[in-house]
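Computed from a prediction, not measured in an experiment: that's the story for all the values here.
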Amino acid sequence: MDIVFREFIKSIKLRMKDNKVIVLYGARQVGKTTLIRELVKNTKHLWLNADEPDVLEKLQNKTSSELKTLTGDNTVVVIDEAQRIENVGLTLKLFTDELPGIKVIASGSSSFELSNKIKEPLTGRKWEFMLYPFSYSEMKNHTTAVEEKRLLEHRLIYGYYPDIVNHPGDAEFRLNELSESYLYKDILALGVVRKPDRLQKLLQALAFQVGNVVSYHELGQICGINNETVETYVDLLEKSFVVFHLGSFSRNLRNEIKKSRKIYFHDNGIRNSIIRQFNPVSLRNDIGALWENFIISERIKFNSVRQLRPNMYFWRTHSGQEIDYIEESGGELRAFEMKWSQRKKHKIPESFATTYPEHTFEIIDRMNFDTLIS
């Protein structure tokens with residue numbers, strides 16, 4: 001398959017002309033290396049993979065003179081898996097402060113490690129970007145809107161990881177391999193997870209609860225761990241780009257749920273692989289959850305590429321009224337309800353509409369979903 005044009009590349013290219021470090025985050029196998037190779041293909045560059053022990057040795061605790069010698073006459077330096085490097089923040093700071101004219105691109109599959117290591121040394125010296133699996137918008141532009149809509153049910157089951165998109169006939173095997181070989185690699189490397197089987201149980205429990213309000217206490221009982229450990233594991237899964245959460249929206253109503261969360265997966269295929277469920281849409285009883293996960297994760301990609309940062313929530317009352325997804329930006333509330341089935345009529349809860357008159361409301365179904373995510 002031809003290389004899919006990543007929408008993010010436009011934004012990153014605009015930041016290639018100054019001396020700040022470009023930091024690219026993203027899960028393993030989402031295409032960071034391919035994107036960076038596209039960025040630097042017409043430059044004189046040095047590529048350093050910190051997964052290699054000898055490369056790691058060349059980059060750890062070096063002076064600016066040593067870094068200059070290493071760089072030679074290259075104008076761009078790429079440091080892949082930069083979180084592996086001890087004191088990487090100081091190393092990158094030396095590049096920006098002492099080696100003018102050299103552009104550094106650093107990438108990492110663990111935001112927990114890399115962000116912590118560069119936050120203070122690179123204050124005011126970096127541009128940060130997040131790369132996700134392919135998006136609906138990118139694939140629509142790569143082929144056609146008609147073709148991508150034809151593949152919608154396939155995407156709901158197998159997701160958008162590049163290797164899966166490029167090998168649709170082998171998607172199930174490759175997804176299982178991806179989730180088993182790469183999903184936990186960076187988390188386990190931290191040494192925080194003492195019982196990996198509990199992490200696996202937690203992921204399975206989260207996969208079955210997509211679209212529902214989750215209770216850390218309940219999850220702990222299912223997995224045999226305490227609330228604090230559940231919270232730690234979920235935090236690590238978020239920082240490794242496996243899952244993300246929405247908090248509950250609440251301002252005025254006494255009946256609103258005020259401190260709760262829903263947890264979604266960044267990719268439908270990974271979610272389905274975790275529970276080993278690849279049945280077609282017509283045979284599934286979780287299509288509503290798959291649709292909700294798909295639309296919200298695609299909306300996050302859409303906003304990220306356009307550098308939009310709305311506050312994101314769901315809304316629910318103790319009496320069971322709910323709205324799947326809310327964006328708050330500039331004093332405006334945009335409310336969305338995700339409906340795979342087009343047969344059911346749905347109206348915004350009257351209590352929400354009355355309490356928050358500054359809102360807009362839209363049903364997102366198979367006929368109009370592309371207006372929200374592309």
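A donor-acceptor pair shorter than 3.5 Å cannot be found between the side chains of R125 and N19. In the model, E337 has no side-chain atom that pairs as donor or acceptor with a side-chain atom of Y325 under 3.5 Å.
Judged purely by atom type and a 3.5 angstrom limit, T71 has no side-chain atom pairing as donor or acceptor with the backbone of N74. Side-chain atoms of T229 never come within 3.5 Å of backbone atoms of I225 as a donor-acceptor pair (strictly under, hydrogens ignored). A side-chain donor-acceptor contact under 3.5 Å links Q277 to the backbone of N279. The closest donor-acceptor contact from the side chain of N272 to the backbone of N268 lies under 3.5 Å. At least one donor-acceptor pair under 3.5 Å links the side chain of T123 to the backbone N or O of E120. Put simply, the side chain of W291 gets close to the backbone of I364: a donor and an acceptor are under 3.5 Å apart. With hydrogens and angles ignored, the 3.5 Å screen pairs no side-chain donor or acceptor of H142 with any backbone N or O of K140. Between the side chain of N368 and the main chain of D365, a donor-acceptor pair closer than 3.5 Å is present. N293 contributes a side-chain N or O that, together with a main-chain N or O of F265, makes up a donor-acceptor pair within less than 3.5 Å. In terms of modelled atom types and a separation under 3.5 Å, the side chain of D267 and the main chain of I270 share a donor-acceptor contact.
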Margin query: Working note: V193 + Y233, criterion side-chain contact (heavy atoms from CB on, under 4.5 Å); need CA distance, chi angles, decisive distance, verdict.
Written below: CA-CA 8 Å; V193 178; Y233 285 7; 3.7 Å; yes
Item checked: Test side-chain contact (heavy atoms from CB on, under 4.5 Å) applied to V55 and R84, step by step -> CA-CA 10 Å; V55 172; R84 301 272 184 260; over 6 Å; no
Notebook entry, point to check: Does the pair N49 and E81 meet the rule for a side-chain contact (heavy atoms from CB on, under 4.5 Å), with working shown?
Noted result: CA-CA 6 Å; N49 183 356; E81 298 301 337; 4.3 Å; yes
Checklist line | Full working for side-chain hydrogen bond (donor to acceptor under 3.5 Å, both in side chains) between S137 and S374 | finding: CA-CA 5 Å; S137 180; S374 72; 5.2 Å; no
Next item on the list: Could you please spell out the steps behind the side-chain hydrogen bond (donor to acceptor under 3.5 Å, both in side chains) verdict for T317 and S319?
Entry: CA-CA 5 Å; T317 67; S319 60; 2.9 Å; yes
Next item on the list: Evaluate the side-chain hydrogen bond (donor to acceptor under 3.5 Å, both in side chains) criterion for residues Q321 and S351: first the C-alpha distance (whole Å), next the side-chain angles of each, then the deciding distance (0.1 Å), finally the verdict.
Entry: CA-CA 9 Å; Q321 294 181 315; S351 59; 2.8 Å; yes
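Taking CZ of R366 as the reference point, atom NZ of K149 lies at 12.5 Å (rounded to 0.5 Å). Of the inter-residue distances, the one linking I295 atom CD1 with I300 atom CD1 reads 12.0 Å to the nearest 0.5 angstrom. One distance of note links CE of M338 with CH2 of W340; it measures 14.0 Å at 0.5 Å rounding. Here CG of L151 is found 12.5 Å from OH of Y158. Values are rounded to the nearest 0.5 Å. Atoms CG and CG, on L203 and L199 in that order, are 5.0 Å from each other to the nearest 0.5 Å. Distance CG/L94 to CG/L67: 6.0 Å, rounded to 0.5 Å.
Hydrophobic clustering of Ile, Leu, Val, Met, Phe, Trp and Tyr side chains at less than 4.5 Å, counting indirect connections, keeps I22 apart from L90. Note: the hydrophobic cluster containing M130 also contains F5 (ILVMFWY, side chain heavy atoms under 4.5 Å, direct or indirect links). Hydrophobic clustering places Y132 together with I9 (ILVMFWY residues linked when any side-chain heavy atoms are closer than 4.5 Å, directly or through intermediates). Hydrophobic clustering, with ILVMFWY side chains joined whenever heavy atoms are under 4.5 angstrom apart, keeps V230 apart from I222. Note on F302 and M139: separate hydrophobic clusters, where clusters join Ile, Leu, Val, Met, Phe, Trp and Tyr whose side-chain heavy atoms are under 4.5 Å apart, directly or indirectly.
A heavy-atom distance below 4.5 Å is not found between the side chains of V23 and F129. Side-chain contact between D163 and L178 is absent, with no heavy-atom pair separated by less than 4.5 Å. The side-chain heavy atoms of R309 and Q307, taken from C-beta on, include a pair separated by under 4.5 Å. Taking the side chain as every heavy atom from C-beta outward, T96 and V21 approach each other to under 4.5 Å. Between L46 and L70, the closest side-chain pair of non-hydrogen atoms falls below 4.5 Å.
A centroid separation of less than 6.0 Å is found between the aromatic rings of F244 and H266.
R6 has no carboxylate O lying under 4.0 Å from a charged side-chain N of E38, or vice versa, which leaves the two without a salt bridge. Residues E298 and K301 are paired through a salt bridge, judged by an N-O separation under 4.0 Å between the basic side chain and the carboxylate. The pair K68-E98 does not meet the salt-bridge criterion, since no charged nitrogen lies less than 4.0 angstrom from a carboxylate oxygen. At a threshold of 4.0 Å, the pair E7-R306 counts as salt-bridged, since one of the basic side-chain nitrogens sits closer than that to a carboxylate oxygen. Between K239 and D235 a salt bridge is recorded (basic side-chain N to carboxylate O distance below 4.0 Å). A salt bridge is defined here as a Lys NZ or Arg NE, NH1 or NH2 lying under 4.0 Å from an Asp or Glu carboxylate O, and R299 with E327 meets this definition. Looking at D18 and K103, a side-chain N of the basic residue comes within less than 4.0 Å of a carboxylate O on the acidic one, giving a salt bridge.
Both the sub-6.0 Å distance and the 45° axial angle are satisfied by R261 relative to the ring of Y216. In this structure, K262 satisfies the cation-pi test against F314, with its NZ or CZ atom closer than 6.0 Å to the six-membered ring centre and inside 45 degrees of the ring normal.
Between Y356 and F249, the angle of the ring planes goes over 60°, which puts this pair in the perpendicular group of the 30/60° scheme. Taking the six-membered ring where tryptophan is involved, the planes of F294 and Y136 are perpendicular, since the angle between them exceeds 60° and thus also 30°.
A search for salt bridge (Lys or Arg N to Asp or Glu O under 4.0 Å) contacts involving K93 returns D97, not counting sequence neighbours.
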